[in-house]
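Here the structure is a predicted model, which is why all the values come from computation and not from measurement. Each ligand, and each atom within it, is numbered from 1 in the order the structure gives.
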Amino acid sequence: MSRLALLGGQKTISIDYLKAATLPVVSEKGKRVVNELMEKGEISQSPIVARFARRFADYVGTDYGLCTNNGTSALESAVFAVGVAPGDEVIVPSYTFWASVTPIIAQHGVPVFCEVDPDTHCIDPMDIERHVSARTKAIMVVHVWGNPCDMDPIMEIAKRHGLAVIEDCSHAHGASYKGRMVGSIGDVGCFSFQGSKTLPAGEGGILVTNDRTCYERAAALGHYELIPTLPTDSPYHRYMLTGMGQKFRIHPFAVALADAQLDELDARSELRRRNALSFEQGIADIPFVRPQRELDGAHRVFSYHYFRYMPSTGNPTETYAFLKALHAEGVACGYCGYGRLHKAPLFLEGGPYGDCIASDPKVVTPLPRTEMTARTTFLAAPRFETECDELIHQYITAYHKVSEHIEEVLAYMRSNDLSKELARLSGRSIAML
Ligand SMILES: Cc1ncc(COP(=O)(O)O)c(C=O)c1O
């Protein structure tokens with residue numbers, strides 16, 4: 001096998017994935033509808049918003065849908081909707097994007113960090129119960145990278161302790177668990193339509209629920225304009241003048257883009273899934289890279305390809321050296337910063353939210369399995385969104401080449417100081433090499 005590109009050999013990947021495997025973010029239909037909205041002057045409020053909320057709720061299978069200006073505000077609405085009051089605790093994984101956690105403190109709740117299962121990268125149901133206290137109000141689960149969490153035991157624990165379940169589905173549009181769409185299983189589901197997601201709208205989000213009270217509370221929190229539309233017996237009519245403190249209205253242009261993308265969502269997800277499985281099968285013989293495990297009965301949507309590098313020592317520099325060698329071969333790969341929130345200054349030092357969080361020993365509990373998952377996870381490949389067999393084949397070849405030269409990669413690591421490069425990447429949530 002030829003010399004590693006890291007050491008001056010020829011690189012394996014000759015195809016530009018941006019040209020070969022990426023679809024336009026904005027469709028022709030999206031552009032047309034945005035133009036129509038501009039011509040009609042519907043640049044702040046539009047009937048398209050309620051129509052799309054209904055359409056997306058039907059897609060997920062819930063009674064209610066409420067569009068928001070981003071996924072973060074959908075999550076804050078959800079935290080408020082399920083009744084988290086100041087001082088209430090919400091159990092949440094540390095292995096996630098910060099926006100699964102900060103909405104809890106924005107509502108003056110206390111995040112209590114919990115382990116993930118290193119195989120699925122999702123919240124570990126076995127670790128939830130030890131964090132339940134008299135102040136626990138909810139569990140926030142994250143279907144991370146598009147992989148559904150193990151919802152049956154989670155719902156069972158929630159029921160036993162009288163807790164609400166919020167599903168952060170920001171990566172998981174169209175994913176399902178035992179025949180039910182994610183977002184429809186817990187009390188409230190939240191999706192992001194941010195531009196890099198698989199239903200991109202620029203910025204935007206949606207909250208879905210089957211619970212009338214949750215919907216009304218969420219609507220009242222961030223949408224004073226919707227309060228008159230609530231049923232006449234709603235207790236939230238009294239806030240018509242002021243709303244309840246936030247303004248989370250989505251831009252109608254974003255809705256136009258999301259609505260157009262929804263036409264294509266399932267077909268695109270299935271093609272990505274076929275491509276992803278062929279990539280994973282192609283490298284299944286490499287013992288030290290491990291894809292996320294999809295649970296029996298779960299249907300994952302492969303929004304991202306995050307793998308774990310299984311080094312013998314658990315040293316993060318090994319993961320980085322491996323990535324560096326792949327990157328030199330032309331692999332679009334990246335470092336993952338998930339799994340560090342329980343050590344983030346915002347929570348440990350209280351940041352702008354005061355130090356009630358920092359003083360709670362449960363918040364700073366060690367999470368060894370999460371930390372190990374964090375040290376070893378990496379972004380293995382870009383989305384394969386088109387029929388791109390040749391590109392996938394090149395990726396498989398590159399992974400084999402680097403793995404067959406792994407001793408040279410480790411020798412390179414030992415004779416070069418990679419600590420500065422690693423430090424530059426490791427503070428970030430997601431960092432492409
Ligand atoms: C897991 C997760 N939760 C929440 C969010 C927040 O979504 P938004 O960026 O639309 O506010 C994101 C966005 O990247 C995310 O990845």
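- Contacts of Tyr338 with ligand 1, taken as heavy-atom pairs under 4.0 Å, involve the side chain alone.
- Between Tyr95 and His121, the gap from one ring centroid to the other is short of 6.0 Å.
- Here is the list of ligand 1 atoms found below 4.0 Å of a heavy atom in Thr96: 1 (C).
- Closest protein heavy atom to atom 4 (C) of ligand 1: Ser170 OG, 3.2 Å.
- With ligand atoms numbered from 1 in the order given, ligand 1 contributes 9 (O), 10 (O) to contacts under 4.0 Å with heavy atoms of Gln194.
- The proximity of Val144 to ligand 1, defined as any non-hydrogen pair under 4.0 Å, does not occur for either the backbone or the side chain.
- Annotation for ligand 1: atoms under 4.0 Å from non-hydrogen atoms of Ala99 are 4 (C), 5 (C), 6 (C).
- Ranking the protein heavy atoms by distance from atom 14 (O) of ligand 1 puts Lys197 NZ, 2.6 Å first.
- The residues Glu225 and Arg249 are annotated as salt-bridged, a charged nitrogen and a carboxylate oxygen being separated by less than 4.0 angstrom.
- Protein heavy atom nearest atom 12 (C) of ligand 1, with residue, atom name and distance: Phe97 CD2, 3.4 Å.
- Between Thr370 and Glu115, the side chains place a donor N or O and an acceptor N or O closer than 3.5 Å (distance only, hydrogens not considered).
- Under 3.5 Å, the side chains of Thr377 and Tyr309 contain no donor-acceptor pair of N or O atoms.
- Given atom 16 (O) of ligand 1, the protein heavy atom at minimum distance is His171 NE2, 2.8 Å.
- For Phe307 and Phe288, the ring centers sit 6.0 Å or farther from each other.
- Side-chain contact, Gln194 with Ser192: no donor N or O sits under 3.5 Å from an acceptor N or O.
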Before giving the answer on salt bridge (charged side-chain N to carboxylate O under 4.0 Å, His left out), spell out for Glu294 and Arg273 the whole-Å C-alpha distance, their side-chain angles and the decisive distance to 0.1 Å.
CA-CA 12 Å; Glu294 183 183 55; Arg273 186 177 166 90; 2.7 Å; yes

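- Between Asn147 and His143, the side chains place no donor N or O within less than 3.5 Å of an acceptor N or O (distance only, hydrogens not considered).
- Protein heavy atom at the shortest distance from atom 11 (O) of ligand 1 is Thr72 OG1, 2.5 Å.
- Ligand 1 has at least one atom lying under 4.0 Å from a heavy atom of Ser100.
- Aromatic ring pairs are classed by plane angle as parallel below 30°, tilted from 30° to 60° and perpendicular above 60°; the pair Phe191 and Phe56 is perpendicular.
- Less than 4.0 angstrom separates some heavy atom of Ser192 from each of these atoms of ligand 1: 7 (O), 8 (P), 10 (O).
- Every atom of ligand 1 is numbered from 1 in the order shown, and the set under 4.0 Å from a heavy atom of Gly71 is 7 (O), 8 (P), 10 (O), 11 (O).
- The pair Glu28-Arg32 does not meet the salt-bridge criterion, since no charged nitrogen lies less than 4.0 angstrom from a carboxylate oxygen.
- Set against the non-hydrogen atoms of Leu75, the atoms of ligand 1 under 4.0 Å away are 4 (C).
- Of the N or O atoms in Glu203, none lie within a sub-3.5 Å distance of an N or O in ligand 1.
- Contacts with ligand 1 closer than 4.0 Å are made by side-chain heavy atoms of Asp168 only, the backbone lying farther away.
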